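These numbers were taken from a predicted model, which means no experiment stands behind them.
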Amino acid sequence: MAMKLRMSSIALLAGVGLTVAASGPAAAFGIGVSWAGTARCFDSQSPAISLSAVPRGTARLRFAMTDLDAPNFNHGGGTVAYSGQRRLAKGAFSYRGPCPPAGQTHRYRWSAEALGADGGVLGRAQQVVGFRQ
């Protein structure tokens, strides 16, 4: 168990994330966030996001980002139409980019909800990624 925790810490510092999916029918729903090309603090374009096993019947995807080390900093998120794509390009929605103090690494939790045509939640996925400036 201790080895697994150490490996997770190293992955966060390297900018690699951990994906945690919901249980039940949407157990495999996952997201992957890439910070490539992301500017510190005022980047208003969402990063590129890969998608896997999006639940059948999904019409929209709703995203939010929370700084786990500064949870009161509002990064926002966005909702995008879903039509079967496996990747959302950088800038799919507006948000406020990562903004850790210089020399610090902050952990960011990306949350995604797959929404049906009626607005009901069909599945949830999360990824935690580190960002250092």
Item to check | For Asp67 against Asp69, the heavy-atom pair lying closest together | outcome: OD1-N, 2.8 Å
Checklist entry - Rounded to the nearest 0.5 Å, what separation is found between the CD atom of Gln104 and the CZ atom of Arg132? => result 8.5 Å
Checklist entry - Using the ring of each side chain (for Trp, its six-membered ring), is Tyr95 parallel, tilted or perpendicular to His75, with breaks at 30° and 60°? => result tilted
Item to check | Ser50 side, atom OG; Arg87 side, atom CZ - distance, nearest 0.5 Å | outcome: 7.0 Å
Checklist entry - CG of Asn74 to CZ of Arg96: how many Å apart, nearest 0.5 Å? => result 9.0 Å
Checklist outcome for this item: What one should report as the nearest heavy-atom pair of Ala92 and Ser46 is N-OG, 3.1 Å
Checklist entry - Should the heavy atoms of other residues, nucleotides or ligands under 6.0 Å from CZ of Arg60 be counted, would the total exceed 12? => result yes
Item to check | Any side-chain heavy-atom pair of Pro55 and Tyr82 under 4.5 Å | outcome: no
Item to check | Distance-minimising heavy-atom pair for Trp35 and Pro47 | outcome: CZ3-CG, 4.4 Å
Checklist entry - Phe131 versus Val33: any side-chain heavy-atom pair under 4.5 Å? => result no
Item to check | Any side-chain heavy-atom pair of Pro98 and Thr38 under 4.5 Å | outcome: yes
Item to check | Same apolar cluster (I L V M F W Y, side chains within < 4.5 Å links), Met65/Leu115 | outcome: no
Item to check | Distance-minimising heavy-atom pair for Arg109 and Leu68 | outcome: NH1-CD2, 3.4 Å
Checklist outcome for this item: On a heavy-atom basis, the closest approach of Ala53 and Ala28 is CB-O, 3.4 Å
Next on the checklist: Can you list everything that forms a side-chain hydrogen bond (donor to acceptor under 3.5 Å, both in side chains) with Arg62? Sequence neighbours excluded, please.
Outcome noted: Glu113
Checklist entry - Taking atom CD1 of Ile31 and atom CD1 of Ile49, what is their separation to the nearest 0.5 Å? => result 6.5 Å
Checklist entry - Is there a side-chain contact between Lys90 and Ser34, using heavy atoms and a 4.5 Å cut-off? => result no
Checklist entry - Does the Thr105 side chain pair with the main chain of Gly130, one donor and one acceptor, at a distance under 3.5 Å? => result no
Item to check | Separation of Trp110 CH2 from Thr66 OG1 (nearest 0.5 Å) | outcome: 9.5 Å
Next on the checklist: Is any side-chain heavy atom of Val80 closer than 4.5 Å to one of Phe63?
Outcome noted: yes
Checklist entry - Closest approach of Cys99 and Phe73, non-hydrogen atoms and distance? => result CB-CZ, 4.2 Å
